[in-house]
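A quick write-up on the structure given underneath.
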Amino acid sequence: MPLYHDQLNREVNLPALPKRIISVVPSQTELLFYIGLDKEVVGITKFCIHPADKFKSTTKIGGTKQLDIDKIKSLKPDLIIANKEENERGQLEELMQYFPVWISDIYDLPGALDMITRVGELVGRKVETAILTDTIFQKFCELKPALSPLRVAYFIWRKPYMVAGPDTFIDKMLQKCGWANAFNLPRYPEIDAGMLRDARPDIILLSSEPYPFKEKDLAELRALVPFATVKLVDGEMFSWYGSRLLEAPAYFNALMAELI
């Protein structure tokens with residue numbers, strides 16, 4: 001029986017090449033379709049919106065943190081691909097009683113490339129993922145970091161305000177752009193207006209996800225920190241760690257050019 005290890009170093013036994021796969025992480029769902037598993041992926045979450053045609057046609061099994069366990073059981077998967085941060089531990093442990101569950105744990109680009117490589121081994125797409133990881137790596141080599149280390153506050157939520165701190169994948173993408181995180185607080189801290197002003201960010205980035213910041217939110221932040229540049233950004237480019245990484249370096253280069 002083939003034995004694999006996930007990114008938590010858990011053993012995952014797969015008796016054969018998986019033919020019925022459920023993905024409960026949007027960026028990993030997009031990856032699976034990218035490497036050609038159109039027939040094998042039988043279940044996705046309501047947040048797995050890419051690619052759009054597959055989102056429309058594939059069975060939904062709840063949200064990333066509110067999985068429909070009974071629906072998953074009815075689909076009889078031979079592999080579930082999950083993530084430590086994006087999914088609830090209790091639900092994953094319940095699913096482990098019935099199905100092989102492979103869990104990623106990603107905080108930086110090397111971790112993302114490692115995930116892609118390991119998933120390729122799991123699903124019989126090693127050639128495809130080798131090409132993908134090499135291309136992503138080369139594209140990031142072409143990324144031109146900002147010359148001055150501007151301080152950036154990256155917002156992921158409103159009411160309460162929440163930002164991305166160190167030890168997050170988002171923070172590592174900010175570093176790839178040559179920027180410094182304005183907050184040195186663990187993970188995704190809640191902040192208030194006073195903390196934001198004290199942090200004195202040069203740039204405030206309002207993400208499109210998980211909270212969908214819109215144009216109307218720009219004025220609110222500009223009023224709080226008038227000395228900062230405030231901009232809406234595509235959150236998928238900063239936080240999706242699958243095949244979407246192909247597009248991230250070009251997006252970052254264009255964004256940095258706008259913010260000079």
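In what follows, residues are counted from 1 in the order of the sequence shown. All values below were derived from every heavy atom in this structure, side-chain atoms included, with hydrogens, water molecules and symmetry-related copies excluded.
With Phe155 as reference, Tyr161 is the one residue of Tyr161, Phe183, Tyr211 to meet the ring-ring contact (aromatic ring centres under 6.0 Å, His included) rule.
The backbone N or O of Lys126 sits less than 3.5 Å from a side-chain atom of Thr129, completing a donor-acceptor pair. Using modelled atom types, one side-chain atom of Gln7 and one backbone atom of Asp105 make a donor-acceptor pair closer than 3.5 Å. Judged by distance alone, with hydrogens and angles left aside, the side-chain atoms of Asp78 form a donor-acceptor pair with the main-chain N or O of Lys19 at under 3.5 Å. Not one N or O on the side chain of Arg151 forms a donor-acceptor pair closer than 3.5 Å with the backbone of Trp179. Checking side-chain atoms of Ser104 against main-chain N and O of Ala82 turns up a donor-acceptor pair under 3.5 Å. Distance alone, capped at 3.5 Å, is enough to place a donor-acceptor pair between the Thr45 side chain and the Phe47 backbone. No donor-acceptor distance shorter than 3.5 angstrom exists from the side chain of Asp6 to the backbone of Trp102, with no hydrogens or angles considered. No donor-acceptor distance shorter than 3.5 angstrom exists from the side chain of Arg10 to the backbone of His5, with no hydrogens or angles considered.
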Stepwise side chain to side chain contact (heavy atoms under 4.5 Å, CB included) test for Asn83 and Met115: CA-CA 10 Å; Asn83 176 262; Met115 177 275 291; over 6 Å; no
Check against salt bridge (Lys or Arg N to Asp or Glu O under 4.0 Å), Lys231 and Glu258: CA-CA 10 Å; Lys231 185 169 181 61; Glu258 286 183 41; 2.7 Å; yes
Worked check of side chain to side chain contact (heavy atoms under 4.5 Å, CB included) between Leu132 and Tyr34: CA-CA 9 Å; Leu132 175 59; Tyr34 181 88; 3.8 Å; yes
Evaluation steps, salt bridge (Lys or Arg N to Asp or Glu O under 4.0 Å), between Glu86 and Lys65: CA-CA 7 Å; Glu86 296 197 40; Lys65 295 187 183 297; over 6 Å; no
Stepwise side chain to side chain contact (heavy atoms under 4.5 Å, CB included) test for Ile116 and Ile136: CA-CA 11 Å; Ile116 293 170; Ile136 291 171; 3.9 Å; yes
Val152 and Asp202: CA distance, side-chain angles, deciding distance, side chain to side chain contact (heavy atoms under 4.5 Å, CB included) verdict: CA-CA 6 Å; Val152 177; Asp202 300 299; over 6 Å; no
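Under the 30°/60° scheme for interplanar angles, the aromatic rings of Phe238 and Phe252 are found to be tilted.
With values rounded to the nearest 0.5 angstrom, Thr59 atom OG1 is found 11.5 Å from Ile72 atom CD1. Separating the CE atom in Met237 from the CG atom in Leu245 is a distance of 9.5 Å, to the nearest 0.5 Å. Taking OG1 of Thr58 as the reference point, atom CG of Leu75 lies at 10.5 Å (rounded to 0.5 Å). With rounding to the nearest 0.5 Å, the separation of CD1 in Ile103 from CD1 in Ile81 is 11.5 Å. Distance CD/Glu121 to OH/Tyr4: 7.5 Å, rounded to 0.5 Å. The OG1 atom of Thr29 sits 10.5 Å away from atom CD1 of Ile22, with the distance rounded to the nearest 0.5 Å.
Taking all atoms of both residues into account, the shortest heavy-atom contact from Tyr188 to Ala164 is CD2-CA, 3.9 Å. Listed here is the closest heavy atom pair of Pro26 and Thr64: CD-CG2, 3.8 Å. Closest non-hydrogen pair, Val12 versus Pro100, comes out as CG1-CB, 4.0 Å. Counting all heavy atoms, side chain and backbone alike, Phe213 lies closest to Ser207 at CD1-O, 3.1 Å. Here the shortest heavy-atom pairing between Gly165 and Asp171 reads O-CB, 3.3 Å. Closest of all the heavy-atom pairs between Cys48 and Ser23 is SG-O, 4.3 Å.
Within 6.0 Å of CD in Glu220 there are more than 12 heavy atoms belonging to other residues, nucleotides or ligands. The number of heavy-atom neighbours closer than 6.0 Å to CG of Asp53, taken from other residues, nucleotides and ligands shown, is above 12. A 6.0 Å sphere centred on NZ of Lys76 holds no more than 12 heavy atoms belonging to other residues, nucleotides or ligands. Within 6.0 Å of NZ on Lys216 lie more than 12 heavy atoms contributed by other residues, nucleotides or ligands.
Contact of the Lys139 side chain with the Leu246 side chain is registered, since non-hydrogen atoms from C-beta on lie closer than 4.5 Å. At a threshold of 4.5 Å between non-hydrogen side-chain atoms, the residues Ile61 and Ile44 do not count as touching. For the pair Glu209/Ser239, a side-chain contact is recorded, criterion being any heavy-atom separation below 4.5 Å from C-beta on. Between Leu3 and Leu14, the closest side-chain pair of non-hydrogen atoms is not below 4.5 Å. Between Leu218 and Glu215, some side-chain heavy-atom pair lies under the 4.5 Å cut-off. When side chains are defined from C-beta on, Leu79 counts as touching Val123, because their heavy atoms get closer than 4.5 Å. Considering only heavy atoms from C-beta on, Lys176 comes within 4.5 Å of Leu109 through its side chain. Put simply, the side chain of Thr229 does not reach to within 4.5 Å of the side chain of Leu150, judged on heavy atoms.
The pair Glu236-Arg244 meets the salt-bridge criterion, with a side-chain N (NZ, NE, NH1 or NH2) lying under 4.0 Å from an Asp/Glu carboxylate O. The residues Asp217 and Arg158 are annotated as salt-bridged, a charged nitrogen and a carboxylate oxygen being separated by less than 4.0 angstrom. Salt bridge present: Asp38 and Lys54 bring a charged side-chain N and a carboxylate O closer than 4.0 Å.
Leu17 and Val119 fall into different hydrophobic clusters, where Ile, Leu, Val, Met, Phe, Trp and Tyr side chains are chained together by heavy-atom contacts under 4.5 Å. Taking hydrophobic clusters as Ile, Leu, Val, Met, Phe, Trp and Tyr residues chained together by side-chain heavy-atom distances below 4.5 Å, Leu147 does not share a cluster with Met173. Taking hydrophobic clusters as Ile, Leu, Val, Met, Phe, Trp and Tyr residues chained together by side-chain heavy-atom distances below 4.5 Å, Ile69 shares a cluster with Met96. Both Leu8 and Val24 belong to a single network of hydrophobic side chains, linked directly or stepwise wherever heavy atoms of I, L, V, M, F, W or Y lie under 4.5 Å apart. Using a 4.5 Å cut-off between side-chain heavy atoms of Ile, Leu, Val, Met, Phe, Trp and Tyr, with links allowed through other members, Val127 and Leu32 fall into different hydrophobic clusters.
Under 3.5 Å, the side chains of Gln28 and Trp240 contain no donor-acceptor pair of N or O atoms. For the 3.5 Å distance criterion, the side chains of Asn87 and Gln91 fail to qualify, holding no donor opposite an acceptor.
Cation-pi contact between Lys172 and Tyr241: absent, since separation from the ring centre below 6.0 Å together with deviation from the ring axis within 45° is not met.
Between Phe169 and Tyr107, a ring centre-to-centre spacing not shorter than 6.0 Å is recorded.
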